Participant: 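Structure in structure tokens, see below.
Read the numbers this way: they start at 1 and go in the same order the structure lists the ligands and their atoms. Nothing fancy with the numbering, it's 1 onward along the sequence. The model shown is predicted, which means the values in this text are computed figures rather than measured ones.
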Amino acid sequence: MAENSDIARRVEELRAEVARHERLYRVENRPEITDTRFDALLRELRKLEDAHPDLAPPDSPTRTVGDDRLEAFETVRHLRPMASLDNTYSRDELFAFDQRLLRVLAEERADPGDPLPYIVEPKIDGLAISLVYENGKLTRAVTRGNGEEGDNVTANVRTIPTLPDTLAGGGHPGLIEIRGEIYMTLAEFRRVNGEREAEDQPKFMNPRNLAAGTIKQLDPRVVARRRLEIVLYSVGALEGGRFDEQHEIHECFRAWGLPVVEKYWQAQGIEKAWAAVEELDRLRSTFAYPTDGAVIKLDNTNWQQIAGSTSKAPRWAISYKFAAEQAETVLRKVSIQVGRTGALTPVAELDPVVVAGSTVSRATLHNEDEIARKDIREGDTVIVEKAGEIIPAVVRVVTEKRPPDAEPFDFAARLRDLGHNAERVPGQAAWHLKGRNNPELTRRRIEHFAGRTAMDIDGLGTEIVRQLIGADLVRDLPDLYRLKAEDLLPLEKFARKSADNLVAAIDASRANDLWRLIHGLGIPHVGAQSAKDLARHFGSLDALMAADTEILAEVDGIGPVMAESITAFFADPDNEARVRALVDEANVNTRALESRDETPQNLSGLTFVITGTLPSLSRDEAKALIEKAGGKCTGSVSKKTDYLLAGESAGSKLDKADTLGIHVIDEPKLRALLEG
Ligand code: IVH
């Protein structure tokens with residue numbers, strides 16, 4: 001009896017944990033654990049539920065595919081449900097999958113002993129998408145959602161440069177649901193994260209999270225600015241056509257001009273399929289998309305039908321996942337990172353070790369509870385793990401190697417030792433610096449305010465800010481505007497001229513454009529680009545502060561999370577007082593200087609080459625449109641080209657673009673990019 005209630009408790013606990021991580025992964029796009037760890041939790045839960053079926057409700061995460069839907073999007077029903085895949089990390093289980101299929105299909109096949117025909121494909125680590133093409137025209141794009149219904153993200157998906165609006169060739173079915181994966185290349189992931197680092201915004205964990213977060217942006221222009229890619233590999237509903245074998249799907253998609261997997265293997269029997277899986281593992285680092293495994297499918301669609309599906313996944317396919325790479329090293333110290341908004345994050349300082357091709361010397365420890373759960377202590381030997389671009393994580397402690405004097409890590413005591421005045425956020429595992437006058441927080445706040453992408457105050461760097469706070473000349477942003485050269489002269493490193501210069505630079509910043517002020521305030525989640533979008537939309541700080549969450553979420557470029565964050569920021573009395581003082585006492589400008597109907601700079605930072613004859617624009621007209629929207633045009637295709645705009649009878653430039661893998665777009669696609 002006691003044992004049973006223990007099991008029930010563990011099942012509850014696992015279900016809650018799985019649900020939390022599902023949400024972090026699918027909805028918030030910021031997973032805290034690797035897929036391997038998540039799969040292990042799910043596996044433990046399934047094992048317990050199998051042994052105790054009374055503990056397994058129909059909506060258990062072991063039986064459903066999760067849910068990625070957000071309220072801000074229209075919900076659309078898939079024509080055919082989008083299933084998930086069973087997965088395994090074990091070769092034996094792959095062979096057991098084959099044995100099961102051989103049994104199920106024994107009666108159907110003339111010679112039941114013959115090896116089964118398989119196809120082995122890369123498992124793309126992106127987010128699932130279902131496209132509807134009607135008579136060869138793209139009409140809809142829907143996320144997986146809960147498998148039955150998903151979010152309508154058509155406008156966002158249309159910005160993907162390599163996805164054709166119209167299928168090539170002829171003989172297209174009246175209607176087809178084409179499924180695949182949206183992903184981001186490592187290069188683009190690094191570019192976006194680099195930008196975010198420069199803006200002191202939290203970095204994305206991996207390309208998948210970034211791609212998933214991007215496709216759920218409310219503003220297609222934001223999506224167009226981050227380069228998404230797509231690859232298509234399967235069919236849902238189909239009217240007016242049929243495929244007898246899975247590999248025909250790839251060939252047909254290719255002929256229609258759709259991006260397809262770079263390579264797939266046809267294999268007779270599971271032995272050959274296994275060899276293909278191993279070859280795929282060797283090759284996958286050369287693929288354009290991140291892969292986390294192989295998908296092994298029965299090639300014959302008739303037999304697929306006979307094998308059928310469970311509520312969650314087909315019985316005719318399975319994914320074999322490549323385990324994240326692990327390595328052993330020593331954790332020397334837990335250091336505490338202070339975020340711009342005062343969030344305190346523990347970081348493991350490690351003896352450098354090579355994992356998944358790169359040297360790892362720091363790893364995230366997430367929060368106080370994670371450290372306690374894993375009982376991580378300074379001096380411990382630990383296993384670190386890294387999957388693809390995932391930020392390295394400490395998986396577990398090798399307790400046998402623990403030094404005898406290692407003490408449990410006391411998070412609160414460490415914060416006290418470091419002199420941080422902090423509190424744990426009620427109901428959360430996160431600690432935050434507290435108090436309006438916290439010097440560390442003030443320093444971060446002022447540094448951000450003065451930064452190049454905010455108020456751009458020359459000469460107000462880290463060292464000077466430290467001095468100003470140390471001398472108690474500045475306790476908060478508005479104090480900057482009260483500084484006089486005389487106040488600065490007694491400080492180290494200041495002479496008459498440098499003191500005058502700093503005061504003049506601070507004074508000049510009063511006239512800055514509104515977006516600089518908005519960005520400078522340091523509202524969580526609001527980067528420079530969003531600050532520009534807000535300034536353009538509202539025109540004044542008053543109008544922005546008066547807007548509620550719903551109004552904010554409707555602004556181009558502003559998502560629901562950001563909208564919440566903005567209203568919460570201005571509702572905080574400290575923030576409000578700070579803003580009031582900046583406006584009323586320091587007289588900073590609160591109006592947008594650029595005219596409101598200016599052409600949106602949707603192509604800013606992008607380089608185009610134009611070739612061939614366009615349907616309705618001359619090349620000069622196209623060039624003017626591109627430049628007005630902030631883009632650049634050059635004469636020849638190179639690695640620096642972002643898009644080749646190609647019309648009728650395009651020649652060598654098109655070939656060059658193909659060789660270099662440059663995106664080729666047509667005039668309608670250009671218009672889509674211009675309009676966002
Ligand atoms: S087949 C009913 N093939 O992985 C067939 N899925 O973890 C299900 N995925 O839901 C899809 N690469 O989003 C298939 N080559 C591939 C895939 C693939 C990635 C995704 C897909 C699926 C998920 C399951």
Participant: Would you kindly specify which portion of Arg144 sits under 4.0 Å from ligand 1, judged on non-hydrogen atoms: side chain, backbone, both or neither?
Facilitator: side chain
Participant: Please check: side-chain N/O of Thr139 versus main-chain N/O of Val132, any donor-acceptor pairing under 3.5 Å?
Facilitator: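 Yes, Thr139 side chain to Val132 backbone: donor-acceptor pair under 3.5 Å.
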Participant: If we only consider heavy atoms of Gly180, is any one of them less than 4.0 Å away from an atom in ligand 1?
Facilitator: no
Participant: Supply the atom-to-atom distance Glu22 CD to Arg15 CZ, rounded to the nearest 0.5 angstrom.
Facilitator: 13.5 Å
Participant: Can you tell me which portion of Glu121 lies within the under-4.0 Å heavy-atom range of ligand 1? Options are side chain, backbone, both, or neither.
Facilitator: side chain
Participant: Between the side chains of Asp244 and Arg242, is the shortest nitrogen-to-carboxylate-oxygen separation below 4.0 Å, so that they form an ion pair?
Facilitator: yes
Participant: At what distance is the nearest protein heavy atom to atom 17 (C) of ligand 1, and which residue and atom is it?
Facilitator: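 Answer, as residue, atom name and distance: Tyr233 CZ, 3.4 Å.
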Participant: So for ligand 1, is Ser84 a polar contact partner (N or O within less than 3.5 Å, distance only)?
Facilitator: no
Participant: Using a strict 4.0 Å cut-off to heavy atoms of Ala128, name the atoms of ligand 1 that fall inside it.
Facilitator: 13 (O)
Participant: Considering the heavy atoms of Ala83, write down every atom of ligand 1 situated less than 4.0 Å from one of them.
Facilitator: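 Near Ala83, the atoms of ligand 1 are 10 (O).
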Participant: Is it true that Glu675 and Arg158 have a side-chain N and a carboxylate O under 4.0 angstrom from each other?
Facilitator: no
Participant: Does atom CD of Gln305 have more than 12 heavy-atom neighbours from other groups under 6.0 Å away?
Facilitator: no
Participant: Which one holds for Ser309 and ligand 1: side chain close, backbone close, both close, or neither close, with close meaning a heavy atom under 4.0 Å?
Facilitator: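 Within the 4.0 Å criterion, Ser309 makes no contact with ligand 1.
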Participant: Tell me, which protein residue and heavy-atom name are nearest atom 4 (O) of ligand 1, and how many Å apart are they?
Facilitator: Lys123 NZ, 3.1 Å
Participant: Which option, Arg179, Arg80, Glu181, Lys297, owns the non-hydrogen atom nearest atom 1 (S) of ligand 1?
Facilitator: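 When every heavy atom of Arg179, Arg80, Glu181, Lys297 is considered, Lys297 comes closest to atom 1 (S) of ligand 1.
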Participant: Would you tell me whether Asn152 and Thr154 have side-chain atoms, one donor and one acceptor, within less than 3.5 Å of each other?
Facilitator: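 Checked: Asn152/Thr154 side chains pair up, N/O donor to acceptor below 3.5 Å.
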Participant: For Pro314, take its heavy atoms, then give the atoms of ligand 1 lying under 4.0 Å from any of them.
Facilitator: 2 (C)
Participant: Please tell me whether Glu181 and Tyr233 have a donor and an acceptor in their side chains that are separated by less than 3.5 angstrom.
Facilitator: yes
Participant: Tyr264 and side-chain hydrogen bond (donor to acceptor under 3.5 Å, both in side chains): which partner among Gln246, Glu251, Glu121?
Facilitator: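 Among Gln246, Glu251, Glu121, the one meeting side-chain hydrogen bond (donor to acceptor under 3.5 Å, both in side chains) with Tyr264 is Glu251.
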Participant: Is it the case that over 12 heavy atoms from other parts of the model lie below 6.0 angstrom from the NZ atom of Lys272?
Facilitator: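 Count not over threshold, so no.
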Participant: Tell me the protein heavy atom at minimum distance from atom 12 (N) of ligand 1, and give that distance in Å.
Facilitator: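 Nearest neighbour among protein heavy atoms for atom 12 (N) of ligand 1, to 0.1 Å: Ile124 N, 3.0 Å.
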Participant: Record the part of Leu85 in heavy-atom contact with ligand 1 below 4.0 Å; permitted values are side chain, backbone, both and neither.
Facilitator: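 Leu85 to ligand 1: contacts from backbone and side chain alike.
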